[in-house]
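Because only heavy atoms are used, hydrogens play no part in the values below, and waters and symmetry mates are left out as well, while side chains stay in. Keep in mind that what you see is a predicted model, and the values were worked out from it rather than measured.
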Amino acid sequence: MQYKEIKQGYFLARPNRFIAHVELDGQVEVCHVKNTGRCRELLTPRAVVYVECHHDPRRKTKYSLIAVRKGSMLINMDSQAPNKVVSEWLQAGGLVPEITLLKPECKHGASRFDFYVETPQQKLFIEVKGVTLEENGVAMFPDAPTERGIKHLDELAQAVRDGYAATVIFVIQMRGVTSFTPNRRTHAAFAEALQRAQQAGVQVLAYDCDVTPDGLSLGKQIPCCF
């Protein structure tokens with residue numbers, strides 16, 4: 001996926017989950033943050049950030065913060081991007097060949113999953129989780145407790161029991177990590193739910209990404225460690 005008009009700036013402050021103050025061309029601008037996660041390890045004072053410029057008079061903010069540099073890593077922070085790159089990847093035959101139906105936002109049971117896929121061989125539900133937290137080369141999810149995430153995993157396991165295939169894909173929005181693991185320290189219950197799901201037959205995958213200031217694409221598969 002590609003962004004249109006990108007500017008480099010410096011992060012100054014985040015008054016709330018939805019906006020950030022960013023220095024652009026010597027001016028302080030209010031930017032929409034396209035990620036409601038904490039991201040405290042990313043949005044540090046004077047961190048180099050990349051914002052997308054919008055020319056829509058209906059918008060409250062002219063800019064959206066989409067990426068940040070953390071040391072040598074460039075990390076995409078756009079929480080909508082993982083679904084977009086997975087959609088592109090699925091349409092290109094990245095997970096399963098011969099897709100006859102690809103339906104986003106499909107409900108099953110008590111949850112709405114990111115994708116429903118049909119092929120001549122199977123019917124598959126897919127849930128996508130974006131990952132921006134990294135420590136010492138290890139990508140982790142979540143960065144804050146997520147009861148919604150546990151619900152999704154339990155519903156994927158139920159979908160398997162109902163006769164469907166099910167996959168959860170952790171999209172690591174950076175390049176340079178060596179493995180992925182559930183963040184047991186932050187939310188042990190999520191880690192346990194992921195193990196339950198895998199034991200029930202849910203496929204657990206993690207992929208890193210090729211990140212540029214103006215684009216994002218799915219990269220290579222990363223080992224998952226529980």
Side-chain angles (χ1 to χ4, degrees), residues 1-4 6 8 33-39 41-43 47-52 64-99 102 104 113-117 119 124-143 146 149 152-153 156 165-183 190-191 194 197-198 202-226:
M1 63 168 291
Q2 291 293 128
Y3 298 97
K4 293 181 179 178
I6 299 298
Q8 178 181 312
V33 180
K34 300 183 78 171
N35 189 317
T36 57
R38 293 175 179 175
C39 304
E41 77 288 350
L42 299 179
L43 296 178
V48 174
V49 295
Y50 296 91
V51 302
E52 183 177 26
S64 294
L65 196 160
I66 60 167
V68 58
R69 288 203 176 274
K70 179 188 174 188
S72 61
M73 285 183 172
L74 178 59
I75 301 173
N76 180 286
M77 284 183 53
D78 181 355
S79 61
Q80 298 174 351
N83 280 37
K84 293 179 181 178
V85 297
V86 168
S87 179
E88 294 172 352
W89 181 65
L90 289 172
Q91 292 178 61
L95 181 63
V96 289
E98 300 181 53
I99 290 178
L102 174 58
F113 297 117
D114 290 319
F115 297 100
Y116 172 68
V117 172
T119 75
L124 168 66
F125 285 103
I126 300 171
E127 183 65 18
V128 178
K129 301 295 183 188
V131 181
T132 60
L133 178 61
E134 174 271 340
E135 289 185 8
N136 301 317
V138 178
M140 295 184 287
F141 182 92
D143 72 347
T146 172
H152 282 150
L153 293 174
L156 284 175
T167 299
V168 56
I169 303 175
F170 291 94
V171 176
I172 303 163
Q173 295 169 252
M174 67 195 85
R175 173 56 67 87
V177 299
T178 57
S179 63
F180 166 81
T181 188
N183 191 353
F190 179 86
L194 187 61
Q198 186 184 49
V202 176
Q203 183 182 33
V204 180
L205 299 174
Y207 285 83
D208 69 5
C209 286
D210 294 314
V211 186
T212 62
D214 65 347
L216 186 74
S217 60
L218 213 62
K220 65 179 184 297
Q221 189 172 353
I222 299 297
C224 295
C225 304
F226 292 88

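- Between atom CZ of residue Phe113 and atom CD of residue Glu127 there is a gap of 6.5 Å, rounded to the nearest 0.5 Å.
- Across all their heavy atoms, Ala139 and Val131 have their closest contact at CB-CG1, 4.0 Å.
- The pair Lys70-Glu134 meets the salt-bridge criterion, since a charged nitrogen lies less than 4.0 angstrom from a carboxylate oxygen.
- How far CD of Glu41 is from CG of Asp143: 6.5 Å, rounded to the nearest 0.5 Å.
- In terms of modelled atom types and a separation under 3.5 Å, the side chain of Ser79 and the main chain of Lys34 share a donor-acceptor contact.
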Inset, instruction - Begin with the C-alpha distance, continue with both residues' side-chain angles, and end with the deciding distance and a verdict on side-chain contact (heavy atoms from CB on, under 4.5 Å) for Lys129 and His152. - result: CA-CA 10 Å; Lys129 301 295 183 188; His152 282 150; 2.9 Å; yes
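- Side-chain atoms of Ile66 and Tyr3, non-hydrogen and from C-beta on, do get closer than 4.5 Å to each other.
- Leu74 places a side-chain heavy atom less than 4.5 Å from the side chain of Tyr50.
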Inset, instruction - Tell me, with the steps shown, if Glu52 and Lys4 meet salt bridge (charged side-chain N to carboxylate O under 4.0 Å, His left out). - result: CA-CA 7 Å; Glu52 183 177 26; Lys4 293 181 179 178; over 6 Å; no
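- Leu218 is listed as a side-chain neighbour of Cys209, based on a closest heavy-atom distance under 4.5 Å.
- Taking Asp114 as the reference, Asn83 meet the side chain to side chain donor-acceptor pair (under 3.5 Å) condition, with sequence neighbours excluded.
- Nearest heavy-atom pair, Val68 versus Ala47, reported as atom, atom and distance to 0.1 Å: CG2-CB, 4.0 Å.
- A distance of 9.5 Å separates CD of Gln203 from SG of Cys224, quoted to the nearest 0.5 Å.
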Inset, instruction - Would you please test Val202 and Leu153 for side-chain contact (heavy atoms from CB on, under 4.5 Å) and show each step? - result: CA-CA 8 Å; Val202 176; Leu153 293 174; 5.7 Å; no
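- Looking only at distances, a side-chain donor or acceptor of Asn183 sits under 3.5 Å from a matching main-chain atom of Pro142.
- Inter-residue side-chain proximity for Leu124 and Thr167 is flagged as met; some heavy-atom pair is nearer than 4.5 Å.
- Across all non-hydrogen atoms, the minimal contact from Cys225 to Pro182 is O-CD, 3.4 Å.
- Counting heavy atoms from C-beta on, the side chains of Leu205 and Leu95 come closer than 4.5 Å.
- Taking the six-membered ring where the residue is Trp, the centroids of Phe141 and Phe180 are separated by 6.0 Å or more.
- Between Leu42 and Ile75 there is a side-chain heavy-atom pair separated by less than 4.5 Å.
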Inset, instruction - Give the C-alpha distance, both sets of side-chain angles, the deciding distance and a yes or no for side-chain contact (heavy atoms from CB on, under 4.5 Å) between Ile172 and Ile222. - result: CA-CA 9 Å; Ile172 303 163; Ile222 299 297; 4.2 Å; yes
Inset, instruction - Quick one: do Val128 and Phe115 satisfy side-chain contact (heavy atoms from CB on, under 4.5 Å)? Show the steps, please. - result: CA-CA 8 Å; Val128 178; Phe115 297 100; 3.9 Å; yes
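- Between atom CE of residue Met174 and atom OG of residue Ser72 there is a gap of 11.5 Å, rounded to the nearest 0.5 Å.
- To the nearest 0.5 Å, atom CD1 of residue Ile99 and atom CD of residue Gln91 are 8.0 Å apart.
- Of all heavy-atom pairs between Gly130 and Pro82, the closest is CA-CG, 3.7 Å.
- Val168 is listed as a side-chain neighbour of Leu156, based on a closest heavy-atom distance under 4.5 Å.
- Side chains of Val33 and Met77 form a contact here, defined as non-hydrogen atoms less than 4.5 Å apart.
- Relative orientation of the Phe170 and Phe190 rings is perpendicular, given thresholds of 30° and 60° on the angle between their planes.
- Among residue pairs with one or both ends in residues 169-179, those qualifying as side chain to side chain donor-acceptor pair (under 3.5 Å) are Asn76-Gln173, Arg175-Asp208, Arg175-Asp210; sequence neighbours excluded.
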